[in-house]
Every structure is written in structure tokens, then in C-alpha cells.
Amino acid sequence: MDTSLKFLDGLNSAQRVAVEDVEGPQLIVAGAGSGKTRVLTFRLAFILTQGLAEPHELLALTFTNKAAKEMKERIEKVVGTEAKSIQMGTFHSVFARLLRIEAEKLNYTRNFTIYDDDDSLSLVNSIIKELKYDDKVIKPRNILSFISNCKNELLTPAMAKERVTDDFQLKAVTVYQIYQLRCVKANAMDFADLLMKPVELFLSHKEVLTKYQNRFKFIMVDEYQDTNHAQYIITKLLAANHRNITVVGDDAQSIYAFRGANIQNILNLKKDYPEMKIYKLEQNYRSTQNIVEAANSVIKFNRDQIPKNVFTENETGELINLIESDTENDEAKRVCDKIREVKQVQRFFNQDFAILYRTNAQSRAMEDALRRAGVKYKIFGGLSFYKRKEVKDLVAYLRISVNPADEQALVRIINYPTRGISDATVKTMIAYASASNLSLWQVIQNPEHSGINARAVTSVRAFVQKIHRFQVLASTQNAFNAVKTIADESGLLKELHTEGTAEGLARWENVQEMINAAKEYSESTNPEADMLEAYLAEISLFTDLDDADKETDYVTLMTIHASKGLEFKAVFLVGLEEGLFPGFNSMESRKDLEEERRLFYVAVTRAEKMLFISFAKSRLRYGQLQYNEPSRFLNEIDPRFITVSRSKGGGSAGSFKTTPNLPPQYVPVNNPLEKSVPFVADDPEKIAAGQKVFHQKFGPGTIINVEGMADQRKAHVEFEQGGLRVLLLKYAKLQIMP
């Protein structure tokens with residue numbers, strides 16, 4: 001027996017075959033809870049222990065920093081520290097590193113800034129104002145979404161312009177063109193660029209593509225069902241030489257179409273690799289039999305899927321508890337009561353519970369109930385540590401110290417703390433920079449030419465001297481020393497400390513925590529890599545799920561999308577009502593409805609021991625009381641795996657039925673609580689851009705644009721809940737709101 005393979009002994013037969021067969025293209029279909037991380041880890045370790053490749057010849061792409069870190073730590077336990085040389089990380093982090101090496105070929109320098117969502121939105125907003133577009137109609141958020149979608153589809157501004165079909169898209173393309181020019185001038189890339197630019201690099205510099213094709217002998221992609229077009233093209237290009245590409249995923253957990261993910265990438269993989277072998281990991285090690293079978297009974301309603309038979313040898317477990325409530329507040333109270341009950345009976349801790357919902361807005365009632373009950377909780381998807389104002393202020397100083405061409409960072413801190421540089425002065429210099437085709441940094445180094453007054457010139461020069469000092473620190477000191485000194489000498493710490501308020505103290509402590517984080521980075525990284533530029537590159541890709549938290553015993557509240565990849569002993573899935581989950585905007589096509597069903601499947605399979613699903617018969621939406629029917633997904637669960645707890649009057653705990661029947665569909669008739677305001681649609685000919693309207697499915701919205709004639713008139717409507725929709729006015733039935 002080969003003792004070097006002893007680490008494979010704990011694998012089941014399906015897992016072991018998937019680990020040891022490493023040649024050629026392969027698809028590993030990994031059902032929920034089937035140990036795919038273990039398979040990926042051991043597969044990489046197997047390649048190394050068998051001498052099939054050197055660590056730097058392995059490329060492993062994940063979708064979260066957490067997954068990459070966990071895999072690398074596991075591999076190190078098997079093969080030792082040489083695993084550190086594996087090119088492993090998220091798509092964005094791996095290709096950000098590659099782009100820094102090859103940046104000059106794309107007219108960037110290696111110290112380029114990575115714009116986060118706030119930076120990009122700020123830049124879009126400023127461009128909209130310069131173009132004098134109405135930001136209430138041409139909304140910055142919609143424009144940024146348009147730009148990101150174009151980049152995910154690898155569409156340049158010129159290519160996107162050829163596909164324009166309406167006035168909104170024409171304006172969006174105009175903003176996109178200017179936005180991209182500004183990014184290049186600021187030596188900055190946004191998150192979507194980190195995927196689009198590698199493709200541009202590979203296609204325009206064949207020698208670079210050949211270098212990386214030859215280098216990466218084995219490529220592995222986790223969560224392949226979540227890849228977008230850009231990620232699909234990147235991996236296809238890199239694998240073209242050796243063709244040793246292994247993708248791991250589960251089509252039943254493809255839930256990111258709104259971010260550009262294309263489920264066809266995994267469903268049609270065999271078209272790109274006819275010789276591809278398929279392995280299926282179907283044993284679920286996470287959940288009880290009742291939970292696994294309930295999930296299977298729902299997902300079978302999807303037409304577009306890879307056939308599989310997910311099973312478990314775990315205990316049967318408790319039936320899924322369906323909780324019927326009268327209102328959203330009643331629902332929240334009953335969830336809270338159930339958490340306290342389960343903690344006592346099962347000896348669970350707060351950290352064993354998760355409350356999952358379809359939209360962030362649903363967290364409010366849950367928060368109120370948990371606070372009143374004194375139950376500790378934490379919301380994920382809220383304001384991340386690195387998105388807090390005082391932290392972003394310090395990061396802006398750090399970014400300028402590394403890349404002074406970063407206009408967004410410059411504008412943010414040029415007069416913070418206050419140093420006598422007014423908004424009017426900044427606008428004058430920006431206008432001069434634009435007219436002269438210069439960067440803002442080039443202008444402020446010689447401010448006397450920009451048209452600002454003598455006093456402002458003096459203030460700007462003092463600021464430039466300070467930044468020059470910080471640039472020296474960035475190039476000579478380690479990350480910790482640079483961050484600590486810049487936080488002090490910028491005046492940020494003094495500004496926050498002298499506020500004299502509790503809020504100011506909290507912000508001061510956050511800046512101190514940022515300094516602590518830099519110290520931890522300096523102590524954990526190699527001395528030769530311990531520079532401010534590398535530290536900024538790392539934190540620019542953080543998400544709120546990467547934030548450290550000293551307090552661990554809390555109930556987790558998050559959207560279902562954010563819960564992907566996580567597991568909890570007990571899960572509460574709330575708000576299972578038609579129009580909410582599935583949402584109204586998913587009911588018009590089979591493809592969208594199937595994605596909602598996959599989202600439900602993901603939520604159910606987060607649960608290990610206990611699953612509670614709840615819905616409210618009435619809920620405030622759009623400021624009005626609405627009566628709801630239970631979600632169709634509840635009717636799709638096999639009744640054998642569910643028990644029902646009904647509301648009684650004012651929302652008491654109810655009683656459990658011994659027979660697992662589903663609740664009837666609720667159809668409100670002459671309910672005295674319902675507002676008796678009849679809905680009357682207005683004449684379609686009266687609908688015009690800028691109007692506030694109401695739609696019976698999508699709620700309130702604003703008309704962005706109207707086009708076409710007679711029966712072909714269409715309206716582009718931005719709904720508060722349903723997003724941007726294009727409706728044929730003849731059938732839309734819109735009511736004009738005052």
C-alpha cells in the first residue's frame with residue numbers, strides 16, 4: 001500500500017475516484033453537503049504527492065476568501081508548507097495579482113487602485129452630473145449595474161453602443177465610455193475589470209496567454225455553476241493547452257443570475273470538452289434524512305438540471321416545522337420564541353441558529369423581536385467594517401500614498417480634516433484637469449495654473465507636501481508603520497478624538513482597529529511582501545463575511561444569497577409568501593422561477609438538524625397592508641416531511657398537528673382590515689416619463705422612459721421592489737400616483 005496516500009482513507013468510493021482521476025477535463029457534480037471542499041483539497045494534495053505538478057503549476061479558483069483559506073490550510077496539513085505556492089484564491093484576487101504583474105501591457109502601473117462599489121458609484125454620480133442628466137430618472141445605481149453587466153459579458157463601450165435599443169441605454173453607454181476613461185486616468189480598476197481585463201490581456205498579447213497556459217498544468221474551479229461569461233472565457237482560455245480542467249459545482253445551487261452567473265456554463269460544459277468525464281457526489285453528510293428528502297422533493301420541479309440522487313445516511317431527524325402567522329410581527333415573535341425553546345430543549349447556543357430571508361428589508365421585524373427578547377444577533381450584508389466612513393477615509397489616504405492618480409480617493413480626503421480647500425476649489429481643479437486631459441493629481445501639484453485663488457493655492461501645496469511625505473512612508477516602511485503614521489499625521493485620529501461624542505469615540509476606535517489589522521498583517525506576512533501596496537491589495541477584496549468578530553455566540557441574520565456555503569444546526573426560513581418568495585418579478589418566465597426554486601433549495605440545505613419555515617398571512621408592503629397566499633414552494637414539499645403550527649387569533653404559539661398537512665391557500669374575502677381603495681388603471685396614453693405609478697404586482701415605481709407608438713408603446717419603469725422593468729402599456733395596467 002502506498003503510505004503517501006493514507007490521507008485518502010476517509011473518503012467514500014465516489015469521492016476517492018473523483019480525487020484520483022486527475023487527467024483531462026472533468027465535471028464533479030457535488031450535491032449539498034457532499035464534502036466537495038474535501039474532494040478539491042485532497043485532489044490538489046494527490047497531484048502534489050504523486051509528483052504530477054509543482055505547486056506553482058496548480059491554479060485553484062474559488063468564490064470566497066474563506067473557502068480558499070480553508071483549502072490551503074487543509075492541503076498544508078497533508079503536503080507541508082509547499083502548498084503556499086499554489087495559485088489559489090477567488091477569481092478576483094488571483095487575477096488582481098496577475099494584472100499587477102502584467103499591468104503595463106494594459107497601460108496601467110502595478111500600483112493601480114481597485115475601486116469598490118462606493119467608489120464606482122461616486123464616479124458614476126459625478127459623470128451623470130457633468131452630463132446634466134436627471135439623476136432621479138437616470139439613476140447612478142442603474143447605470144453602474146449596466147456597466148458591470150456589460151463588463152461581465154465582455155462588452156466594451158463601443159460594443160455596448162451597437163446593442164443600444166432605447167434612450168436609457170444610450171445614456172448609460174455614454175456614461176460607460178467616460179467612466180472607463182476616468183478609471184484609466186486614475187490608474188484604477190473596478191471589480192468587474194478584474195475579470196474583463198485578463199481576457200483583454202490574453203487576447204491582445206498572445207505571448208502572455210501562452211505563458212500562463214503552459215504554466216498552469218492543472219486548473220480547478222469551485223462553484224462553477226456561479227460563473228459568469230467573463231469567468232467562463234478566462235478558464236476556457238487558460239485550459240486550452242493541457243486541458244486538465246476540473247470544475248466542481250451543483251446546478252441545483254445556481255442562484256446568482258442577477259450578478260451575471262450563467263447556469264448554462266455547467267449544463268453545457270460537455271460541448272466545450274466532448275471527452276469530459278462526469279463524477280457525482282450524492283451523499284449528503286450535513287443534514288437529516290427529512291431535510292434532504294424535502295429539498296429533493298422541491299428541486300425535482302425544475303426542468304433545467306443535471307440528474308442526481310442526493311441521499312444521506314444520517315438520522316431521520318425531526319419533521320420540518322411550518323409556522324403560520326397572522327402578521328410579520330407575529331412571525332418574528334414566534335421565530336424568537338421558538339429559538340428560546342430550542343435552546344432550552346436541545347442545548348443549542350445562539351451561534352447554532354440562522355434566520356434567512358429573501359430580501360434585506362425583512363430583517364427589521366426580526367431584529368425588533370430579538371432585541372426585545374434579549375437574544376444576541378448579527379446581521380450579515382449590512383455595513384461591513386471596511387465600508388464605515390472613518391475606515392474608508394483612512395483607506396483613501398493609504399490609496400493616495402500608493403497611487404496618487406486615484407481621483408476618487410483624492411476628492412474624498414483633500415479637505416478632510418478641513419484644511420481650507422473648498423468644494424468650489426476642488427470643482428475648479430477637476431474642470432481644469434478634464435479640459436487639459438490631465439489627472440487631478442497632476443493639476444494639484446501645480447495648482448496656480450488651474451484658476452484657483454492664492455489662498456487656495458497655499459492650502460493645496462501644503463496638502464501635496466503631506467501626500468509626498470506619505471508616499472515616502474509607503475515605499476520605505478512596512479504596512480503597519482505606514483498605516484499608523486498616516487492615521488496620525490493625516491489628522492484623522494485627532495479629528496475623531498476631539499469630537500467629544502460617543503459616536504466620535506466609536507469611529508476613533510474603528511481607526512485604531514484598522515491599525516491593529518495592519519499590525520496583524522505585518523506580523524503574518526513575509527517581510528519582503530510587507531508593504532502598504534500589498535496590504536491595500538488584500539483588503540480591497542474583503543467582504544463583510546471576512547470581517548473578524550470577537551463575539552461569536554450570536555444568531556445569524558442574512559439573506560439566502562449570503563448564506564451560500566454555510567451551515568447551521570437550526571435554520572429559520574421566513575417570508576414564504578407568493579410575491580415575496582418567489583418574488584413577483586420571477587413569475588413571468590420559467591427560467592426565473594427555476595432560479596427562485598434553486599434559491600429555496602439552497603436555504604433548506606443550510607440546515608443540519610432542524611428546519612423551520614414560516615409565512616405571514618398579511619404583511620406591510622409599499623406602505624399598505626397586503627394579504628398573502630403561502631408560497632407555491634410549500635405545496636411542492638412532500639407532505640411526509642412537514643408538520644404545521646398554525647396561528648391562533650393574535651399570534652399565539654399555536655399548536656402542532658400530528659398529521660403533516662399543508663395550509664390552505666388564503667384568499668381574503670371582505671376582510672374588514674383590508675383598505676377599501678379600488679385599483680383603477682389609467683389610460684395608457686396618459687403615461688409619461690417622470691410620473692409615479694403603481695402596478696398591482698410590482699408596487700410603486702417611476703416611469704424612466706416611454707417609447708413606441710399606439711399599441712406598441714412601451715414604458716421603462718423603475719419599481720422600488722421589482723427593479724427596472726419594460727412593460728407594454730397596452731397590458732401593463734398602471735395607475736398614476738399623485
Side-chain angles (χ1 to χ4, degrees), residues 87 89-124 126-127 144 147-148 151-152 154 156-157 176-205 208 212 230 234 386 392 394-413 433 437-445 467-468 470-475 479 482-483 486 521 529-542:
Q87 290 299 305
T90 64
F91 273 88
H92 292 90
S93 64
V94 166
F95 290 103
R97 291 196 295 269
L98 184 149
L99 287 169
R100 291 194 188 280
I101 296 170
E102 311 290 350
E104 292 183 1
K105 295 181 177 66
L106 295 172
N107 297 318
Y108 284 82
T109 64
R110 60 166 293 124
N111 64 334
F112 63 82
T113 295
I114 299 174
Y115 279 173
D116 66 12
D117 188 63
D118 290 343
D119 297 317
S120 296
L121 191 61
S122 176
L123 178 55
V124 166
S126 64
I127 294 170
L144 182 57
I147 292 172
S148 296
K151 291 185 178 184
N152 288 336
L154 301 177
T156 64
Y176 181 16
Q177 290 172 320
I178 299 172
Y179 173 92
Q180 208 57 23
L181 290 172
R182 292 281 179 83
C183 283
V184 174
K185 188 184 290 185
N187 194 32
M189 296 187 193
D190 62 20
F191 268 46
D193 281 327
L194 299 180
L195 300 178
M196 186 179 187
K197 292 294 182 182
V199 177
E200 179 185 333
L201 174 70
F202 293 153
L203 295 182
S204 60
H205 293 81
V208 176
Y212 289 106
I234 289 173
Y386 288 98
K392 287 182 70 69
L394 176 54
V395 169
Y397 272 104
L398 303 180
R399 281 166 41 177
I400 287 299
S401 304
V402 169
N403 173 26
D406 186 344
E407 183 173 317
Q408 291 302 302
L410 263 178
V411 171
R412 185 181 187 97
I413 50 85
N437 197 27
L438 298 171
S439 70
L440 181 58
W441 175 245
Q442 289 173 313
V443 170
I444 70 173
Q445 288 185 99
I467 299 304
H468 281 155
F470 294 165
Q471 287 178 281
V472 173
L473 285 169
S475 62
V483 172
I486 292 171
Y521 173 82
D530 184 16
M531 300 300 288
L532 184 59
E533 179 183 319
Y535 176 61
L536 277 175
E538 175 163 305
I539 67 172
S540 66
L541 299 171
F542 272 16

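Residue numbers start at 1 and run along the sequence shown. Keep in mind that the numbers below use all heavy atoms, side chains included, and drop hydrogens, waters and symmetry copies.
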- Starting from the C-alpha separation in whole Å, work towards a yes-or-no answer on side chain to side chain contact (heavy atoms under 4.5 Å, CB included) for Ile467 and Leu410. CA-CA 10 Å; Ile467 299 304; Leu410 263 178; 5.5 Å; no
Looking at [atom1] of [X] and [atom2] of [Y], how far apart are the two atoms once the value is rounded to the nearest 0.5 Å?
X      : Y      : atom1 : atom2 : answer
Arg100 : Glu533 : CZ    : CD    : 6.0 Å
Cys183 : Phe112 : SG    : CZ    : 12.0 Å
Leu121 : Asp190 : CG    : CG    : 12.0 Å
Ile486 : Phe470 : CD1   : CZ    : 5.5 Å
Gln408 : Ile400 : CD    : CD1   : 10.0 Å
Leu123 : Ile127 : CG    : CD1   : 4.0 Å

Which heavy atom of [X] sits nearest to which heavy atom of [Y], and what is that distance?
X      : Y      : result
Val184 : Asn107 : CG1-O, 4.4 Å
Gln471 : Pro404 : NE2-CG, 3.4 Å
Asn111 : Asn403 : O-CB, 3.4 Å
Asp193 : Leu99  : O-CD1, 4.2 Å
Leu398 : Leu532 : O-CD2, 3.9 Å
Arg412 : Ala396 : CD-CB, 3.8 Å

- Can you find a side-chain donor-acceptor pair between Tyr115 and Ser122 that sits under 3.5 Å? no
- Going by atom types only, do Lys151 and Gln180 share a side-chain donor-acceptor pair under 3.5 Å? yes
- Task: Would you please classify the geometry between the Phe95 ring and the Phe202 ring as parallel, tilted or perpendicular, with 30° and 60° separating the classes?
- Result: perpendicular
- Fit a plane to each ring of Trp441 and His468, take the angle between them on a 0 to 90° scale, and name the class: parallel (under 30°), tilted (30 to 60°) or perpendicular (over 60°). perpendicular
- Message: Under a 3.5 Å distance rule, please check whether Asp530 uses its side chain to pair with a backbone N or O of Ala479 as donor and acceptor.
- Response: yes
- Query: Given side chains that start at C-beta, do those of Leu181 and Lys185 come closer than 4.5 Å, heavy atoms only?
  - Reply: no
- Kindly indicate whether the side chain of Lys392, heavy atoms from C-beta on, has any atom under 4.5 Å from the side chain of Asp116. yes
- Query: Could you walk me through whether Ile539 and Tyr521 pass the side chain to side chain contact (heavy atoms under 4.5 Å, CB included) check?
  - Reply: CA-CA 10 Å; Ile539 67 172; Tyr521 173 82; over 6 Å; no
- Should Gln87 and Tyr212 be marked as a side-chain hydrogen bond (donor to acceptor under 3.5 Å, both in side chains) after you check the CA-CA gap, both sets of side-chain angles, and the distance that decides it? CA-CA 12 Å; Gln87 290 299 305; Tyr212 289 106; over 6 Å; no
- Report the C-alpha separation of Ser120 and Phe191 in whole Å, then their side-chain angles, then the decisive distance to 0.1 Å, and conclude whether the side chain to side chain contact (heavy atoms under 4.5 Å, CB included) test is met. CA-CA 9 Å; Ser120 296; Phe191 268 46; over 6 Å; no
- State whether Asp119 and Arg399 are salt-bridged, where the test is any N-O pair (Lys NZ or Arg NE/NH1/NH2 against Asp/Glu carboxylate O) under 4.0 Å. yes
- Task: Start with the C-alpha gap between Asn187 and Thr113, add the side-chain angles, then the distance that decides, and say whether side chain to side chain contact (heavy atoms under 4.5 Å, CB included) holds.
- Result: CA-CA 6 Å; Asn187 194 32; Thr113 295; over 6 Å; no
